[in-house]
Amino acid sequence: MTEFTWLHWLLFTVIILAFVIIMVMVFIYLERRLLARMQARLGPNRTGPFGLLQPVADAVKVLLKEDIIPDEADKLVYWLAPVVAFFPVLLVFAVIPFQNGGLLADLNIGFLFVMAVTSISTIGVFMAGWSSSNKYSLLGAMRNVAALVSYEIPLLLSTVGVIIISGSLSMQQIVAAQDIPFILTQPLGFLLFFIGGCAEINRSPFDLLEADSELVAGHHTEYSGMKFAMFYLVEYAEALALSAIITTVFLSGWRGPLLPPWLWFVLKIVAVFGLMIWTRATFPRVRIDQLMALAWKFLFPLSVINLLITAVEVLLLKDSYSWVLVPINLAIMSILILLWAKLFKLGWGKIEV
Amino acid sequence: MSLNTEQFILNIGPSHPSTHGVFRMKATMDGEVIVELEPVFGYLHRGIEKLAEQRTYTGIIPLTDRLDYLSAMSNNLAHCIAVEKLAGIQVPERAEYLRVILAELQRIASHLIAAGALLNDCGAFMTPILYMLREREKILDLFEMVSGQRLTYSYIRPGGLAQDVPAEFLPALQKVVTDLPHFFDEYDQLLKENEILLARSKGVGILTREMAINTSASGPVLRASGIKWDIRKADPYSIYDRFQFEVPTGKAGDCYDRYWVRMLEMRQSLRIVEQAIQQMPAAGDIQTKVPALIRPPVGEIYSRTEVPKGELGFYIVSDNSIAPYRYHIRGPSLLNLTALRDMIVGWKIADAILIFGSIDICMGEVDR
Amino acid sequence: MKFERYGVGLVKGLLVTFKHLFRHPITTQYPEQRLVPSRRTRGNELVWNNVKCVVCTTCAKTCPQGAINMETEVDPANPGKRIITRFEVDTGYCISCGLCVESCLYNALHMGYAYERAQYRRQDLIQSNDGLLASETRKASAFMHTDMEKDFPEQTLLIDRNKKKAVIKPSGDANIEPAAAPPPESTPAAPAS
Amino acid sequence: MTVILPAQDIANLITAQFPQAVIEFDNQAVVIKSEFLLKVADFLKNNQALSFNYLTDLTAVDYYDYFEVVYHLSSLEQNKILTLKVRCCDRNNLQLPSVTHFWKGADFMEREIFDLLGISFLGHPNLKRILLWEDFSGHPLRKYYLQ
C-alpha cells in the first residue's frame, strides 16, 4: 500500500487525464477506421497521414460550433448535465492499476467503488434529457433510467464470483490473483459482464439511448458545440472505462510475458474495444422492453447461478484453483445458456390499447 | 393510487432520420407506446398528374422517372406499356426481352434498398445497407452503360427502347448475374437467423389477409400476408408468360415476412433475367416505327404492371390529341400506407419505425 | 428473443463482418482517382453544332422543361433561309433527359460528356451560342450517336473491381480536366435577365 | 390471364339486381346512378359468386359538363376486373356517398379526389386535404382551374 503523498497524487492525476484524453482519441480513430473496413469502405484518410488527425479535426469542429441553448431549456440543469455525466467516468480510473502498484489509490473496496461510480453518469444523462425540453431527448433519458435499473444488478453479481476467488475487492489483489485469467475460469461471468457493460455504456445491440433511427439523437439532441463535445467524450470515455475494468478483472490487467506491463494493459484495452466495435458493426438494436426482459430473465438468474457454482467450487477446492476448472466452467456455461434459451421469451408484443 | 400519466403528441416529423423521405407521422404517445397515429404527407407533391396533361406521351417519360425514383426503369416500362395498349403499338422481340431484363434488374436494385433501409431502421449501424448499396452499384453500372444516367434513365420508349444496348452489355450482365447469388447467400448468413432481428421483427406489425385485401395493399406487402397475387403471373403483360418463376408469399404478414418475401423475390428476378438472356434473339430492331407525336385514339385505358413496390397502374383518358386528357397514377406506396395506422397502434416507437420501414414506400410515388 | 438458435445466428453475422476486414474496400478517392463514366453519359450540359443546325426548333419543342430557346432572323443574303442569332440553353432547367438530342434530325445537338459543370452564379447556368460549341473541354457524349462510341474509353465497372482490381484511371485523361476556365463568350448581349 | 368483365355482363348483372341503376354502358365501363352506388358496391363485394373484394383504383375525371368518378374493382380469387363509373353533373354541390365502409383502401383515394378535384364524399372518416395544405384554395386538377 503506497502511502498517500501529494507528489504521488499529482503524478497520477496527470497520468490519468493524459491517458483518458489520448486513449479517447485513439478509440475515435480506431472505431471509425475499423468500422469502415468492416463495411467495405476506407474510413477517414484525408486529415493527416492515414487520417490520424481525424479525432483532432472532430474535436476542433465540435468546439468551434455555436453553442445553442433552447430557450425553454432549464438553463442550470442543461449546463450541468454534461459535467455530471463526465466526471464519474474519470473517477473510475483512480482505482485501475496501470502497472504493478501503479494506481492512484489502492482502495481495499476498489471494485465496489467502480460499480458505485459508474451508475452516477445515468443521472447526468437524465438531467440532459429532461432539461433540454425536447420530447425525443425525454424519451431517450427515460429509456436510460429504465434500463439502468435492470442491468445494474446482473452487472455487479456477475463479477462477485471473481471477487470470491481473488478474496478481495481491491483491484490490485484481483490482478494479483489472476494466474489464470478469470475469463477462462469464469467464462459465464465474463459474458454476462460484457453484455451488461454494453448495455450500461449504450453500445452495440443496446444503443437505445441515442437510437439515431428512432430518437434522432436521444438525450443529446439539443446539445451542440462544447457541451456536445463533452457528451461525445463521455461516450468514448465510458467505453474506455469499461474496457479497462474488463481487462483488470477478467484479462489479468497488466500481467503478461515479454512486453512491459503497461503496454500489455493498453493492448488488452484495445482488444476489448475491438470486440465492441465488431458487435456494433453487426447487430441491429434491441427494443427497450427486450433489453429489460433480457436483463431480468437472462442476465440476472444466470449471474446468481454463476455465483452459486463459483462459491461451491471455491469451498470444495480450497486454494488449488487449477486448470482443471476451465473446461468444467465452460461446459456449465454452455449448458446454462442452452437451458435458458429454451425457457424464456424476450419481451411481449402488442399492447392492447 | 393510480399514477396520472398524460399522453403527448410526438411529431415523427417530415425531417426525421428514418422516414424514407418527407413523411410525417403525428403519433399520440402514452410513454413509449403509440396510442393513435395519423400519417401526414404531401410535402413532395409536384402535381405530376397536372404536368402530364400538358406534355406529349414521350415528354411524360422523364416525369415517370421521378415517380418512384428508386425504380425509374419499371415506371418507364409501366407508362410505355399503357401507351402501347392505348395506341395499339407492337414491340419487337429483342426489345421485349431487353425490357424484361432491365425491369427485373430494377426490381433487385429496389428490393436491395428496401431490405437495407429496413435494417438501418432496426438499428444495424449502416453495415447491411452499405453491403446492399455495393451490390446495387453493379446494377447501376449496367443501367449507366445502357442509358447514360444512374437514376433517371428515361430509356424505354413506347414501341421499344431509346437505343440498342452496347456490345459489352451482355458480358457485363452475365458477370453480374453469376456474382449476385454469392452475395444473397452471404447476406442471408448475416441476417437470416440473426436473433435480434428475429426478436425485433417477428410478429411485429401484423397485416392480416383480410386487412391487406381490404386496404388494397399490393406487392411484397400483400404477398407477405399470404395472398399469392403478382400481376406478372395473374395478368402477364409484355412477355412475362414465357418465364418460369415462383411468387414467394409469407405466412404471418409481419415485418420479418415482408423482409423475407423481398429477399426471395430478388432470387426469382435473377432467375427471370437468366432465362431472358438465353431466350433473347441475338439481333433485331429495337423500336417499331412510331410517329414522333403519338396520337392515341379517343378512349381510356387502365394498365397495371408489377413494379418493385406493388401494382403501378396508369389510367389514361385520351382525346386523340398529343397529350393525355387525364393521366391518373395508381401509386402502390400510397395504398400500402392505408393500413399503416392499424399496423402501428399498440406498438412502441421503435417498432413504429420498423413497421414503416418494412412497408418500403417511396415518397415520390405517394405525393406524386 | 428466444435464442432458439442459441446465438448461432449472431455469431454467423459476426463472421460475415469479420470476413469483410480482409476484402478490398470499394471506395474511389474522387478527386485523385476518377471512374470512367459510360460512353453514353448524359452530362449536365449540351453541345451544339451551329453549322449543322438548321433552326427547325424541334429540340425546343420536345424539351419537356422548355430549357432551350432560340432567336432567329431572316438571312439578308438569301431571303428563303433564316439564320440563328441566339441559341440558349438554361442548364438550370435542363434535366438531361436527352429527348432533344433524340429528336434532332440533323445531328446538330449532343449531350455533354463532362459531369462537373456546377456554377457559382445562376446566370452562368445559361449558356448560349459559342459557349455551347464543342471544344477541348466540352466533349460531346456518344448518347444517341452509336457511331461515336468507339472513340471513348471503356466504362469502369464495379463488377470488374473485385475480380482483377481494375485500374482506376488517375485523374486527367479519364475525364476532361477543365483547363483554365474558357474566356466568357464575348457576345455583346447583356446576360439573360 | 385476368378476365376483363365486358360491360355487357356487368350491366345485366346489375340490372338483374337493381332495375333502373344502370344509365349506360360502352365496351369497357358501366355508368350507374349515384343513388345506387352503395347498393351496387355492397352487391359486388358481398355476393359469393362475384366477391369483388379488392378496390384496385379510384379516380375522377373532369369532363367540363360533368365529373366522372371511376371505380376499378377486381376480385383476387377469380382474377376478374371491372370498371364502374358514377357521374355527378351539378358543379356546385359535388357529392357522392363514400365507399370506405366496403373497401378501406378508398380512404386515401377519396381524400385525394376531394383534394385535387373537389368532389366531397359523405360518410368518409376524415375528409380533408391529403396532398395540399389546409388553406389552399381551389382544386388544381379541374380543367379550367385558374378561373
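Note that these values count all heavy atoms, side chains included, but never hydrogens, waters or copies made by symmetry. Below, chains carry the letters A, B, ... as their sequence lines are ordered, and counting in each starts from 1.
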Shortest non-hydrogen contact between [X] and [Y], atoms and distance:
X: C/T146; Y: B/Q163; value: CG2-NE2, 3.9 Å
X: C/Q155; Y: B/D141; value: NE2-O, 3.3 Å
X: B/I196; Y: C/L10; value: CG1-CD2, 3.8 Å
X: C/P64; Y: B/G59; value: CB-O, 4.0 Å
X: C/R42; Y: B/S154; value: NH2-OG, 4.0 Å

Query - Residue C/T17 versus chain B: region with a heavy atom under 4.5 Å - result: both
Report summary line: Honestly, the part of B/D164 sitting under 4.5 Å from a heavy atom of chain C is backbone
Query raised in the report: Are the charged groups of B/E168 and C/K150 less than 4.0 angstrom apart, N to O?
Result: no
Query - SB check B/R157 C/E102 (cutoff 4.0 Å) - result: yes
Requested in this report: Return the option, out of C/H20, C/K12, C/Q65, with the maximum number of heavy-atom pairs under 4.5 Å with chain B.
Outcome: C/H20
Query raised in the report: Which one, C/R39, C/M111, C/K19, C/M144, leads in non-hydrogen pairs under 4.5 Å with chain B?
Result: C/M144
Report summary line: ring pair (Phe, Tyr, Trp, His ring centres under 6.0 Å) filter on B/F184, not counting sequence neighbours, yields none
**Report entry** chain C neighbours within residues 115-133 of chain B, where any heavy atom lies under 4.5 Å away
**Finding:** B/T127, B/Y131
Requested in this report: Output the residues of residues 92-101 of chain C for which the shortest heavy-atom distance to chain B is under 4.5 Å, in residue-number order; output 'none' if no such residue exists.
Outcome: C/I95, C/S96, C/C97, C/L99
Query raised in the report: What residues of residues 44-58 of chain C sit under 4.5 Å from chain B when you count only heavy atoms?
Result: none
Return the [atom1] to [atom2] distance between [X] and [Y], rounded to the nearest 0.5 Å.
X: C/I159; Y: B/K175; atom1: CD1; atom2: NZ; answer: 7.5 Å
X: C/T27; Y: B/R134; atom1: OG1; atom2: CZ; answer: 11.0 Å
X: B/Q189; Y: C/L14; atom1: CD; atom2: CG; answer: 10.5 Å
X: B/E137; Y: C/L35; atom1: CD; atom2: CG; answer: 8.0 Å

**Report entry** Contact leader toward chain C among B/P166, B/A172, B/A292, B/A162, where contacts are heavy-atom pairs under 4.5 Å
**Finding:** B/P166
Query raised in the report: Taking side chain as C-beta onward, heavy atoms only, is C/T41 less than 4.5 Å from B/Q149?
Result: no
Report task. Indicate yes or no: at least one non-hydrogen side-chain atom of C/R40 is less than 4.5 angstrom from one of B/S147. Result -> no
Query raised in the report: side-chain contact (heavy atoms from CB on, under 4.5 Å) between B/M145 and C/L157: does it pass, once the steps are laid out?
Result: CA-CA 9 Å; B/M145 176 194 300; C/L157 298 172; 3.8 Å; yes
